[in-house]
Amino acid sequence: MSSSGPEGPWARHSRYALPAGAGILFLAAWEWAVAAWNVPKFVLPAPSLIAAALINDGPSLMQSLWFTTKVTLGAFLSAVATGISLGVLFTLNRTLERTLWPYAVMLQVTPVVAIAPLVIIWVGFEKLWLALLILAWLVAFFPILSNTTIGLASADHGLKNLFELYGASRWKRFRYLQFPSALPYILGGVRVSGGLALIGAVVAEFVAGSGTATGLAWRIVESGNMLNIPRMFAALLMLSVFGIVLFYLTMWLQWALLHRWHESQVRREN
Amino acid sequence: MPMSETKPLVRLAGIRKVFSNGTEAIRGLDLDVRSGEFISLLGPSGCGKSTALRMIAGLGEPSEGSIDWPSSSYDAAGRPEREIGFVFQEPTLMPWATVFDNVALPFTLKDRPKGDVATRVQEALAMVGLDRFAKSYPRELSGGMKMRVSIARALVLRPKVLLMDEPFAALDEITRFKLNNDLLALWEKQRWTVVFVTHSVYESVYLSTRIVVMAARPGRVVGELAVPAPYPRGTDFRTSQPYNDLCRNVSEMLDRAMDADPAM
């Protein structure tokens, strides 16, 4: 290959051009193959059919996406809030940590699919969105809790001495030392948790299975039952686009808060 | 000279320190630190010099003996108002805070009136020659510059005593010489008391008015030596005969102590 440097114009364009080109080529091959082998559309619809479904069912699919978005973001934000608060409480009070930690682990390791029916019965079908939110929260909150606890305990020993030397109050030690030290860990947890919230919301809706749930997961099940495979693909596509947006949002948050100082966000030229 | 001037600033009497694992870090340490001195605690690793320094700072209590501040007032809780600046072996800066915020930390933690903080921080940064770097982050600075930030932070409250725990040990020799000179220049101007822990014979002779030589297992004082050379000291002193003689004296003191130590 001609040498244009590691960050030459070719390298810069190729970052977007290569995956985009590969995607277009793949879609073209797909379209062609479906027509060439006469694949029935309830097995594998052509990309053009999926696009059509996306347009025709657009408004109703958007409504479902909005429902899934609300559940996912609600679960994600409550996971962030409760995960961080509980992590802070655990750090302030070791007895509390020892008492509650096993139950937090228990909630984490029990598969959400297994708890879902119970939660749905407790909350009631008329408030199914709340049941879904609780289930997605259950999945999403643990990484934040465990990362917060580890992060708060990992402040630099020398800095701890310095804070002691200047007689820092507990609050100031938390505000100026422990919390900033924990932030990279917490944000790592937040990134994992964002993806898990979406998975939790989708899985919970699969289990809930019917009726008042109108999110994208239910549309996928419904489309499958009606053999409307183009719409199933359209819903899938929307889910993955939403997942990507969520992923980049959390990545951006991490960058915004850490790029001035943390090694993980610093580009080095060696 | 009035009586209060002859009282030591800090008096360590009969200090013994045993760690929780049973190691006797220090045995029978007596030391008077007089106001305005530049005193070096010199010794091999494990001789308790850093432990002694940390106890002076109030980070850890002696197992036996006492540390008094005869010329300081005591606060309501009975603690001496020590007004200490401490410089650790590592720069110990908060990576998430700017140079300015790092140097301002003692104010932040002490709830002092906020009025002149900015001026004081800028003054301290100017003292160490980093006034243009107030907005930088620690990772953008070299090792020597980080150490300067650490010194500015220790000086920002205008302490009476500056405690330094092998502050330049991790730096290259050229940077260390430069920081030695800059530290001495500051000290000559402001004349705080310095207790400087080091394992470098040359550094201790170059900097100090007095050297306390320590040995390990158990940590104890094996000798003491005044360095009568006048300040300012520079390359002339570093290459002079009296400097070499002092270095030899100190080295011999260390050697004698090491010979008696079966573990070395």
Side-chain angles (χ1 to χ4, degrees), chain A residues 84 87-88 91-92 147-148 150-191 250-270, chain B residues 50-51 53-61 75-77 79-99 101-112 135-141 146-147 149-150 153-154 156-157 159 161-163 165-167 170:
Chain A
I84 293 178
V88 170
T91 309
L92 292 178
N147 279 26
T148 305
I150 295 168
L152 287 172
S154 63
D156 177 72
H157 189 71
L159 280 171
K160 279 192 213 156
N161 274 332
L162 188 77
F163 274 63
E164 191 189 333
L165 187 75
Y166 286 114
S169 64
R170 182 152 215 180
W171 162 246
K172 288 197 166 174
R173 207 171 63 217
F174 175 78
R175 160 77 179 75
Y176 294 103
L177 177 60
Q178 288 183 295
F179 191 73
S181 308
L183 198 58
Y185 294 82
I186 295 176
L187 290 170
V190 165
R191 277 185 73 174
T250 53
M251 200 164 95
W252 172 83
L253 183 72
Q254 196 177 30
W255 178 85
L257 292 176
L258 299 183
H259 76 282
R260 285 306 303 267
W261 65 275
H262 197 254
E263 288 296 334
S264 67
Q265 307 294 317
V266 175
R267 262 194 220 171
R268 289 213 176 272
E269 289 184 34
N270 286 326
Chain B
S50 293
T51 311
L53 195 74
R54 296 164 55 82
M55 285 192 294
I56 296 175
L59 298 168
E61 296 288 318
D75 67 8
R79 286 175 310 208
E81 292 184 355
R82 290 180 292 232
E83 300 179 59
I84 286 167
F86 202 109
V87 180
F88 297 90
Q89 187 171 356
E90 303 293 324
T92 322
L93 303 177
M94 303 178 288
W96 54 83
T98 59
V99 164
D101 290 338
N102 266 290
V103 174
L105 183 71
F107 285 106
T108 314
L109 296 183
K110 284 219 157 179
D111 278 328
R112 296 264 178 126
K135 291 199 175 75
S136 303
Y137 282 79
R139 67 170 179 83
E140 296 158 356
L141 307 179
K146 284 183 200 163
M147 218 27 159
V149 177
S150 187
R153 180 183 60 199
V156 76
L157 291 179
V161 192
L162 187 60
L163 305 175
D165 188 2
E166 301 190 31

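Below, chain A is the first sequence line, B the second, and so on; all start at residue 1.
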Worksheet item: Any side-chain heavy-atom pair from A:Ser181 and B:Trp96 closer than 4.5 angstrom?
Response: yes
Discussion item. Please classify the contact of A:Leu177 with chain B as side chain, backbone, both or neither, using a heavy-atom distance under 4.5 Å.
Written reply: both
Worksheet item: Is A:Arg173 close to B:Leu109 at the side-chain level, that is, under 4.5 Å between some pair of heavy atoms?
Response: no
Worksheet entry | Region of A:Ser169 that comes under 4.5 Å of a non-hydrogen atom in chain B | neither
Worksheet entry | Pairwise side-chain contact, B:Leu105 with A:Leu162, heavy-atom cut-off 4.5 Å (strictly under) | yes
Worksheet item: Any donor-acceptor pair under 3.5 Å linking the side chain of A:Lys172 with the backbone of B:Thr108?
Response: yes
Discussion item. Please classify the contact of B:Arg54 with chain A as side chain, backbone, both or neither, using a heavy-atom distance under 4.5 Å.
Written reply: side chain
Practice prompt. Starting at OG1 of B:Thr92, measure out to NE2 of A:His157 and round the result to the nearest 0.5 Å.
Written response: 10.5 Å
Worksheet entry | A:Asp156, part contacting chain B, at a heavy-atom distance under 4.5 Å | side chain
Worksheet item: Between CE of B:Met94 and CH2 of A:Trp261, what distance do you get to the nearest 0.5 Å?
Response: 11.0 Å
Response to the item:
Closest non-hydrogen contact found for B:Phe88 with A:Gly158 is CZ-O, 4.1 Å
Worksheet item: Backbone N or O of B:Thr98 within a donor-acceptor pair of the A:Arg260 side chain at under 3.5 Å?
Response: no
Worksheet item: What is the minimum heavy-atom distance between A:Tyr166 and B:Ala154, and which atoms define it?
Response: OH-CA, 4.1 Å
Response to the item:
So, the part of B:Gln89 with a heavy atom under 4.5 Å from chain A: the answer is neither
